[in-house]
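Report on the structure given below.
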Amino acid sequence: MPSPNLLTINDLRIQFPTEEGTVEALRGISFSLKRGETLGIVGESGSGKSMTALAIMGLLPGKAQLVGGEIIFEKKDGIQTDLTKVKPADFQGIRGKEIGMVFQEPMTSLNPVMRCGEQVGEAIYDLRFTIYDWTHRKQAKATVKQRVLELFEKVKLPDPERIWRSYPHQLSGGQRQRVMIAMALASNPSLLIADEPTSALDVTVQRSILQLLKELKTTWGGSTIFISHDLSVVAEVADNVIVMQKGEVVEHGQVADVFKHPKHPYTQLLLENYQKRIASPSAHRPSSIAHRPPSTVHRPPFLTITSLQTHFPTKRNFFGKATEHVKAVDGVSLEIYEGETLGLVGESGSGKTTLGRSILNLISPTSGEVVFKGKNILQKADNEWFSTRKELQIIFQDPYSSLDPRQPIGLALTEPMTVYGLFSDEKQRRERAVELLETVGLEADHFWRYPAEFSGGQRQRICIARALALEPRLIVCDEAISSLDVTVQTQILDLLQELQRKHCLTYLFISHDLGVVRMISDRIAVMKDGKIVEMGDSETVFAAPKHPYTKELLEAVFVK
């Protein structure tokens, strides 16, 4: 008779050796997961949530040391296995087939040179090694493709055929995350570990994904570990919840009991910060938002975008000429004023990220103008971009893929200073780097650590520090706080506003989180299908939206 517990963790301890001493990532955590149960794990960035998931999957970073404990998992054949004793080679039969995982950062989990459909297809059936007969191989490929397209439809990906043909870089962050969810579900795993699976998704798609995960409990009967910093998401999908702080489980129980009657002070703090956030975003803006830029009336724009178009070819003829395009940015015109924060919102795939990168010429626009300091910067030669790059910076959505995994994070901060000749010597540059780390809530002794030694939220803070290193005038914040928990989000928003006040910074703040955009933005632009469908003062857009799409987004927030 199978055990009622699919997974049992007893006194699990993991540590990292560093130059400053041993860091305990997990300090003797214990919990169990029943069959058919959804267990939520919440806690701030760095609390050990993702480390717990990686330990279950046998994917601990190279420097991690398992110093105690056991992870008992019951496989589909009924055999109970201690995953801490499984050899790396034997884990290949467990990952995917027995345990699936949706990682926090999809861009680093997908093969950049392989089409998305083929990657998900491999998770279903490895055609390269199992079928040698050409006829049967062709039939199997068609069957696998049909299954993949069905999965893409389940996770609400638009135009599954196009997604099948697309490479990861051709999709938005939210679309890549949905491809990862489809891949994790492909082999019907007994256990699905979802590590921040909705952090990159807009509210409407997030709601559909959460509904999908609920349906899995009845259609597949699998168990789920749902890791998130969003308490409302955990409350919606989980049966039970554990609260983690600094590598320890500080509270454990049914979701309703823990969230309504928290016992531990840390849980109470998390819920208090969350309640402040959802009660009234405009009433709980970061303290530094008391300073607002003057009216845009009678002021020249800081940056002017005119008829900007960015199209991506999706089909080519025999001669290589594009015959079909995706109009990611389709004739966008807007003005950004010095010292303001312009919020850009819209669903995943609406063109927000492409617009931000096109403005900075990180993606070459098809046509249009971006005027900065009286010049169309899109017409500048490569050698003329050097000084402009210093003034126009970006915080990328995916922190891990934008950091060099072989470079300590302190050197990632000093490198641009060296390139641009800031400060007189390396000592001053390192002092400035330490100051930046402390500014974004990290510590001086983190200087020599590598990106893999940080949580997703901590890596995002490193990217914010790097964007500030050159003292830019405009920063494009592309989902800059989507991977951060509520308390750290508030700190970072406060930090961004304080820096804006001190240095007269200008922000283009891209986000799918309407609550965050409302908190920080002076004006809001709503984007759909590559076009700006509504723009106005932040409070006006929220209080009296005019376009049906804006109303739909706001309704989705309130339903959630």
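Here the structure is a predicted model, which means the values were calculated and not measured.
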Original post:
Between OG1 of Thr353 and CG of Asp478, what distance do you get to the nearest 0.5 Å?
Top reply: 3.5 Å
**OP:** Please identify each residue that fulfils side-chain hydrogen bond (donor to acceptor under 3.5 Å, both in side chains) with Lys427, with sequence neighbours left out.
**Re:** none
Original post:
Which heavy atom of Glu534 sits nearest a heavy atom of Ala544, and at what distance?
Top reply: OE2-O, 4.3 Å
Subject >> Thr439 OG1 to Arg461 CZ distance, which is reported to the nearest 0.5 Å >> reply: 12.5 Å
Original post:
Of all residues at least two apart in sequence or in a different chain, which pass the side chain to side chain contact (heavy atoms under 4.5 Å, CB included) check with Pro160?
Top reply: Leu149, Phe152, Glu153
Original post:
How many angstroms lie between CD1 in Ile464 and CZ in Arg466, if you round to the nearest 0.5 Å?
Top reply: 11.5 Å
Original post:
For Leu355 and Ile359, what are the C-alpha separation, side-chain angles and deciding distance, and is it a side-chain contact (heavy atoms from CB on, under 4.5 Å)?
Top reply: CA-CA 6 Å; Leu355 175 58; Ile359 290 171; 4.1 Å; yes
Subject >> Val179 and Val155: CA distance, side-chain angles, deciding distance, side-chain contact (heavy atoms from CB on, under 4.5 Å) verdict >> reply: CA-CA 8 Å; Val179 170; Val155 297; over 6 Å; no
Original post:
Looking only at heavy atoms, which two atoms of Gly339 and Cys504 are closest? And how far apart?
Top reply: CA-SG, 4.2 Å
**OP:** Could you grab the distance from atom CG of Leu157 to atom CH2 of Trp164, nearest 0.5 Å is fine?
**Re:** 13.5 Å
Original post:
What orientation do Tyr549 and His547 show, parallel under 30°, tilted 30 to 60°, or perpendicular over 60°?
Top reply: perpendicular
Original post:
Rounded to the nearest 0.5 Å, how far apart are CG of Leu474 and OG1 of Thr506?
Top reply: 6.0 Å
Original post:
Is atom NZ of Lys327 surrounded by more than 12 heavy atoms (other residues, nucleotides or ligands) closer than 6.0 Å?
Top reply: no
Subject >> Pairs meeting criterion ring pair (Phe, Tyr, Trp, His ring centres under 6.0 Å) with involvement of residues 343-399, two or more places apart >> reply: Phe302-Phe372, Phe386-Tyr420
Original post:
Who pairs with Lys375 by salt bridge (charged side-chain N to carboxylate O under 4.0 Å, His left out), at least two apart in sequence or on another chain?
Top reply: none
**OP:** Answer with yes or no whether the side chains of Thr310 and Ser358 bring together a donor and an acceptor at under 3.5 Å.
**Re:** yes
Original post:
Are the side chain of Arg357 and the backbone of Leu362 linked by a donor-acceptor contact shorter than 3.5 Å?
Top reply: no
**OP:** Decide yes or no on side-chain contact (heavy atoms from CB on, under 4.5 Å) for Asp195 and Phe103, but give the supporting numbers first.
**Re:** CA-CA 5 Å; Asp195 186 4; Phe103 291 93; 5.8 Å; no
**OP:** Show your working on side-chain contact (heavy atoms from CB on, under 4.5 Å) between Phe423 and Thr414 and close with a plain yes or no.
**Re:** CA-CA 10 Å; Phe423 304 102; Thr414 60; over 6 Å; no
Original post:
Which residues pass the salt bridge (charged side-chain N to carboxylate O under 4.0 Å, His left out) test with Arg389, sequence neighbours left out?
Top reply: none
Subject >> Reported NE2-to-OG1 distance for the pair His311 and Thr366, which is rounded to 0.5 angstrom >> reply: 5.0 Å
Original post:
Where is the tightest heavy-atom contact between Pro472 and Glu391, given as atom of each residue plus distance?
Top reply: CB-O, 3.5 Å
Subject >> Under 3.5 Å donor-acceptor, Arg523 side chain and Met535 backbone >> reply: no
Original post:
Under 6.0 Å from the NZ atom of Lys246, do we count more than 12 heavy atoms belonging to anything else shown?
Top reply: no
Original post:
Do Gln15 and Thr22 meet the criterion of a side-chain donor-acceptor pair at a distance under 3.5 Å?
Top reply: no
Original post:
Who passes side chain to side chain contact (heavy atoms under 4.5 Å, CB included) against Lys531, sequence neighbours left out?
Top reply: Asp330
